[in-house]
S.K.: 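Handing you this structure, nothing more for now.
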There are 2 protein chains.
Amino acid sequence: MKKKERHQLLRKLVQQDVIRKQEDFVDKLHERGIEVTQATISRDIKELQLVKVPAQDGGYRYNLPPEMNYDISKKLSRLMRDAFVSIDTQREFVLIRTLPGNAFALGSLIETAKYSEMFGCVSGDDTVLVICRDEESAERFQRRIISFI
Amino acid sequence: MKKKERHQLLRKLVQQDVIRKQEDFVDKLHERGIEVTQATISRDIKELQLVKVPAQDGGYRYNLPPEMNYDISKKLSRLMRDAFVSIDTQREFVLIRTLPGNAFALGSLIETAKYSEMFGCVSGDDTVLVICRDEESAERFQRRIISFI
DNA sequence: AGGTCGTCAGTATATTTATACAGTTTATAC
DNA sequence: GTATAAACTGTATAAATATACTGACGACCT
């Protein structure tokens, strides 16, 4: 296992799992049979510029570098302008319709952005369903998404 | 000194000074005659969702929450579209020209965004001069700025 | 072969950060 | 007023993170 590969993996992990502390990374890697220590993770985090963000649930979680988020934000903006059709809320659900074939990409971006209002997200061909934490979150989320257009 | 005020101050400090660790906050507040301990700062940071970002210089610095940066990025984008006139580099300097009266606002935004390429920044009425770390940074910085248009 | 340089990672530890607990103040109800 | 609860902070310490130091490994020489 080379450093480069590990870095790749860390980026992936930080996006798909909730990493609260560096030991979580160590554990995840151990699960995959990769031996590393917290010290190495600390150095990796420094190189990758991952950040520990205080989360809305009172905990903490590691995240991609803020700069990357610019990119995500930009991509989201571009995609929304290109493929957005409509958005609607119903209780804690937000339904976003896109031009056919674009929903999956949009869903991925939304997932990566990890909005705090969001609880989960499924996407089909022209529809993204976002499940928020509650009704209020759903409205806030809708406003956010609209602001990208 | 109420918590609210302190939070305001922390936001200001984190933007205008380089805060490497929580003790730096404590020191800055002491300088202003405000008594606080690291524990309080830790809790404040959690509430304000400030993040400790690995910096390009090998150190660390605290920053505004990534979400806020979206805003800054958006504002920058809007202002650039509205007021941008031209941009040019010369060695490690980048000169941005804007419509009269807009340079100061643009400079402030650029300062807030704290681009790693940037060393310093002065703004007049229709001109922002950005001093980068070196020639390469200057070019990278120019590309970045252009991408906002 | 041996020698030198550079990268990388572990161990041990220093440094930094988070928090349990307790005390104080401030708001709210009675 | 007094009682009770909630918000806030410091102290002490636990927990988490960063790093000095060291050794291992490989690349590239002579």
Side-chain angles (χ1 to χ4, degrees), chain A residues 1-68 114 116, chain B residues 1-68 114 116:
Chain A
M1 171 54 104
K2 293 286 155 48
K3 191 167 76 154
K4 276 276 174 61
E5 299 173 54
R6 196 179 56 237
H7 280 191
Q8 277 305 113
L9 187 51
L10 292 185
R11 278 191 214 259
K12 206 178 105 191
L13 286 175
V14 84
Q15 288 182 246
Q16 70 187 198
D17 296 316
V18 176
I19 306 290
R20 290 165 210 284
K21 52 183 182 176
Q22 301 187 353
E23 284 295 342
D24 289 350
F25 271 129
V26 176
D27 295 344
K28 292 278 175 197
L29 293 192
H30 278 187
E31 283 171 20
R32 286 155 208 252
I34 302 159
E35 290 299 315
V36 267
T37 58
Q38 173 270 324
T40 300
I41 296 294
S42 171
R43 288 182 282 243
D44 287 345
I45 282 174
K46 188 170 190 171
E47 287 187 49
L48 292 169
Q49 295 187 263
L50 302 184
V51 294
K52 189 184 180 186
V53 190
Q56 82 294 335
D57 71 351
Y60 293 84
R61 80 171 283 180
Y62 276 93
N63 236 324
L64 289 180
E67 282 200 16
M68 271 207 172
K114 281 194 288 298
S116 55
Chain B
M1 169 55 102
K2 292 286 155 48
K3 191 167 78 153
K4 277 277 175 60
E5 299 173 55
R6 196 179 56 236
H7 280 190
Q8 277 305 113
L9 186 51
L10 292 184
R11 279 191 214 258
K12 205 177 106 191
L13 286 175
V14 85
Q15 288 182 246
Q16 70 188 197
D17 296 319
V18 175
I19 306 289
R20 289 165 211 283
K21 53 183 180 177
Q22 302 187 353
E23 284 296 342
D24 289 350
F25 271 129
V26 175
D27 295 345
K28 292 279 175 196
L29 293 193
H30 278 189
E31 282 172 21
R32 286 154 208 253
I34 303 162
E35 289 298 315
V36 267
T37 59
Q38 172 269 326
T40 300
I41 296 295
S42 171
R43 288 184 280 245
D44 287 345
I45 281 174
K46 188 170 191 172
E47 288 185 49
L48 292 169
Q49 296 187 262
L50 302 185
V51 295
K52 190 184 180 187
V53 191
Q56 81 297 331
D57 70 351
Y60 293 84
R61 77 173 285 180
Y62 275 93
N63 236 325
L64 288 180
E67 282 197 18
M68 273 208 169
K114 283 194 288 298
S116 55

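For the numbers below, each heavy atom of this structure counts, side chains included, while hydrogens, waters and symmetry mates do not. Note on naming: letters A, B, ... go to the chains in the order of the sequence lines (proteins, then strands), and numbering restarts at 1 for each one.
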S.K.: With a cut-off of 3.5 Å and sequence neighbours excluded, list every side-chain donor-acceptor pair involving residues 23-30 of chain A.
M.R.:
unit_1, atom_1, unit_2, atom_2, d
A/Asp24, OD2, A/Arg20, N, 2.8
A/Asp24, OD2, A/Lys21, N, 3.3
A/His30, NE2, A/Glu35, OE1, 3.4
A/His30, NE2, A/Val36, O, 3.4

S.K.: For A/Glu47, answer base if it contacts any base atom (sugar-phosphate contacts may also be present), sugar-phosphate if it contacts only those atoms, and nothing otherwise; contact means non-hydrogen atoms under 4.0 Å.
M.R.: nothing
S.K.: List, with names and distances, any nitrogen or oxygen atoms from the protein found under 3.5 Å away from nitrogen or oxygen atoms belonging to nucleotides 16-20 of chain D.
M.R.:
unit_1, atom_1, unit_2, atom_2, d
D/dA16, OP1, A/Lys21, NZ, 2.8
D/dA16, OP2, A/Lys21, NZ, 3.3
D/dA16, O3', A/Lys52, NZ, 3.4
D/dT17, OP1, A/Lys52, NZ, 3.1
D/dT17, OP1, A/Tyr62, OH, 2.8
D/dT17, OP2, A/Gln22, N, 2.8
D/dA18, OP2, A/Gln22, NE2, 2.5
D/dA18, OP2, A/Ser42, OG, 2.9
D/dA18, N7, A/Gln38, NE2, 3.1
D/dA18, N6, A/Gln38, OE1, 2.9
D/dT19, OP2, A/Lys46, NZ, 2.8
D/dA20, N6, A/Arg43, NH1, 3.4

S.K.: Do you know which two heavy atoms are closest between A/Ser42 and A/Gln22, and how far apart they sit?
M.R.: CB-OE1, 3.4 Å
S.K.: When the distance from CG of B/Leu29 to C1' of D/dG10 is rounded to whole Å, what number comes out?
M.R.: 15 Å
S.K.: At a heavy-atom distance below 4.0 Å, which nucleotide of DNA chain C is the first touched by chain B, and which is the last?
M.R.: C/dT16 to C/dA20
S.K.: What I'd like to find out is whether the side chain of B/Ile45 reaches to under 4.5 Å of the side chain of B/Leu10, using heavy atoms alone.
M.R.: no
S.K.: Please find the pair of heavy atoms, one from A/Pro54 and one from B/Lys46, that lie closest to each other, and give the distance.
M.R.: CB-O, 3.5 Å
S.K.: Please name all residues satisfying side chain to side chain donor-acceptor pair (under 3.5 Å) with A/Arg61, sequence neighbours left out, ordered by chain then number.
M.R.: none
S.K.: How about A/Arg32 and A/Leu13: do any of their side-chain heavy atoms sit closer than 4.5 Å?
M.R.: yes
S.K.: Short question: side chain of B/Lys52, backbone of A/Lys52 - any donor-acceptor pair under 3.5 Å?
M.R.: no
S.K.: To the nearest 0.5 Å, what is the distance between CD1 on B/Ile34 and OG1 on B/Thr40?
M.R.: 12.0 Å
S.K.: Residues in side chain to side chain contact (heavy atoms under 4.5 Å, CB included) with A/Lys3, at least two apart?
M.R.: A/Arg6, A/His7, A/Asp44, A/Glu47
S.K.: Are A/Leu50 and A/Asn63 close enough that some pair of their side-chain heavy atoms sits under 4.5 Å apart?
M.R.: no
S.K.: Polar atom pairs between nucleotides 22-26 of chain D and protein, under 3.5 Å, N or O only, would you list them?
M.R.:
none

S.K.: Let's test this: given Watson-Crick or G-U wobble pairing with both distances under 3.5 Å, identify the partner of D/dA15.
M.R.: C/dT16
